[in-house]
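For reference, the structure discussed in these notes is given below.
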Amino acid sequence: MRKIYALLDCNNFYVSCERLFAPGLNGKPVVVLSNNDGCVIARSNEAKALGIGMGEPFFKCRRQLAADKVRVFSSNYPLYADISHRVMTVLARLEPEVEIYSIDEAFIRLPAADPAVLRETGRRIRATIGREIGIPVSIGFGATKTLAKVANRLAKRQPEHGGVFVLADREIDTMLASVPVAEIWGIGRRSAAKLALGGITTALALKNAEDRRLRRQLTVTGLRTAMELRGIPCLPLEQCPPPSQSITTSRSFGRPVYEPAELKEALATYVGIAAEKLRAQRLTTGSLQVFLATSRFGAQQRQYANSTVVTLPSPCASTTELIRHAAKALQHIFRVGHAYQKVGVILLELTPAGRLQPNLFQAQPDQRQEALMAAMDTINHKWGRETLHSAATGLLRDWKNRQNRKSPAYTTSWHELPLVG
DNA sequence: TCTGGGGTCCTAGGACCC
DNA sequence: TCTGGGGTCCTAGGACCC
């Protein structure tokens, strides 16, 4: 049976989450900042209308934001993750074939049908999520994932469609002619520039471009995108997420850091978070990469960035053991005198826990360690991250980043429940 | 003063092997 | 002294995504 794809996308997701618990923000300009209050990463429509750009550094637009009375929030990921989960749960109840693609997007696959029928399906999903969760969403339908993305963009940009748009076969070319090629999913800045040299500036021109040339200029990924625009599905619906291949944790510091002791504390903290994610997915890591860097900006100081990979003696998921290896790796790449801006860790070679290849010299995995980690995860899950943490992560933690405008964790912390009246 | 964090996939080129 | 061809694996870097 012929299938059709839909993309559901939460409108201005982080801003919509903030508005859920502060309805006074509806109709007002609102933005949400990235970690460390660095850049603007979500904007309400009112904020977009004021000309605030996506990814704009906060320090550059700070005065404009204040002058225009824009409400500014630090990002509150526990809140957004929880609301996302609720939206996806409702969607999964309504539709059997769903791929959760990101925190605010999901692909749906459903039997092909008359555009009017699809439109009705879209409206029903949209209304149900709006009623039960309170998050506004847009839904676009198309013959492939890439076309569904295009349809979603039209649903969002053209209010007359009421948030739902079906890209019917006969109007595809007319629509694609009006879409700049850079806005197609999978075509970034670099590819768009390459294509422009050959006169390809619209999605329609990409659709009609010659295969050999696409293959050469943009590799198979570019060719796949063009095929998808032609209505030939090349990207499958991934209903169960494939297991992670790597887990990264890193943060920018709130101020430049010079002291190795502070770097070590920060690194231990991130290793602890990464290891917790690792255990939550029931994985172990076979090697880890430690990296550190000075700021990419500010030409006045010397820049330095380096990284190193450590292979572990045997696969491991213990915070304390990983901290030990990471600290040793850090010593290798640390150079005195630099103004460091960030440090981080990547866990690699992830394999399912339980089927360990034990080290020849270590008869069996350390069961006391495992029990300790399990207890720590349980406590932290119940009482909040880092209720219990390794002493290596420090007590003073003066290096921590800034988050001066954070809303409460309304739905995930007993201490921060919203008050009524 | 102040510029995020976490991922995936693809390719070219080098090392190594037979 | 000169001279082949085919294959795998690994890594770094580029590009893209949200």
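Naming: A, B, ... by sequence-line order, numbering from 1 per chain.
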When all nucleic acid strands are considered with a 4.0 Å heavy-atom cut-off, which category describes Ile184(A): base, sugar-phosphate, or nothing? sugar-phosphate
Assign Leu33(A) to base, sugar-phosphate, or nothing according to its heavy-atom contacts below 4.0 angstrom with the strands shown. nothing
Taking Glu132(A) first and then Arg93(A), would you say they form a salt bridge - that is, a charged N and a carboxylate O separated by under 4.0 Å? yes
Between CD of Glu238(A) and C1' of dC9(B) the distance, given in whole Å, is 12 Å
Hey, does the side chain of Gln403(A) come within less than 4.0 Å of dG4(B)'s phosphate (OP1/OP2), counting only N and O? no
Flag yes if more than 12 heavy atoms outside Lys28(A) fall under 6.0 Å of its NZ atom; otherwise flag no. no
Can you measure Arg189(A) atom CZ to dG14(C) atom P for me and round it to whole angstrom units? 14 Å
Name all pairs fulfilling the salt bridge (charged side-chain N to carboxylate O under 4.0 Å, His left out) condition that reach into residues 218-233 of chain A, sequence neighbours left out, sorted by first residue then second. Asp211(A)-Arg230(A)
What is the nucleic acid contact for Leu218(A), judged by heavy atoms within less than 4.0 Å: base, sugar-phosphate only, or nothing? nothing
Answer with base, sugar-phosphate or nothing: what part of the nucleic acid does Asp37(A) contact at a heavy-atom distance below 4.0 Å? nothing
For Ser191(A), report the nucleic acid contact type (base, sugar-phosphate, nothing); a contact means any heavy atom under 4.0 Å. sugar-phosphate
Scan Glu56(A) against the nucleic acid and name what it touches under 4.0 Å (heavy atoms): base, sugar-phosphate only, or nothing. nothing
First encountered from the 5' end of DNA chain B, between Asn36(A) and Val220(A): Asn36(A)
pair_partner(dC18(B)), Watson-Crick or wobble, both distances < 3.5 Å, evaluates to dG5(C)
Could you check how far OH of Tyr101(A) sits from C1' of dC17(C), rounded to whole Å? 5 Å
Expressed in angstrom and rounded to an integer, what is the separation of Lys149(A) atom NZ from dC17(C) atom P? 8 Å
Considering only the C1' atoms, how many Å lie between dC17(C) and dG4(B), rounded to the nearest integer? 15 Å
Set of residues satisfying salt bridge (Lys or Arg N to Asp or Glu O under 4.0 Å) with respect to Lys342(A), sequence neighbours excluded: none
Once you apply a heavy-atom cut-off of 4.0 Å, does Ser295(A) come out as touching a base, just sugar-phosphate, or nothing? nothing
Separation of atom CD1 in Ile346(A) from atom C1' in dG6(B), rounded to whole Å: 10 Å
Phe297(A) CZ to dT1(B) C1', in whole Å, measures 15 Å
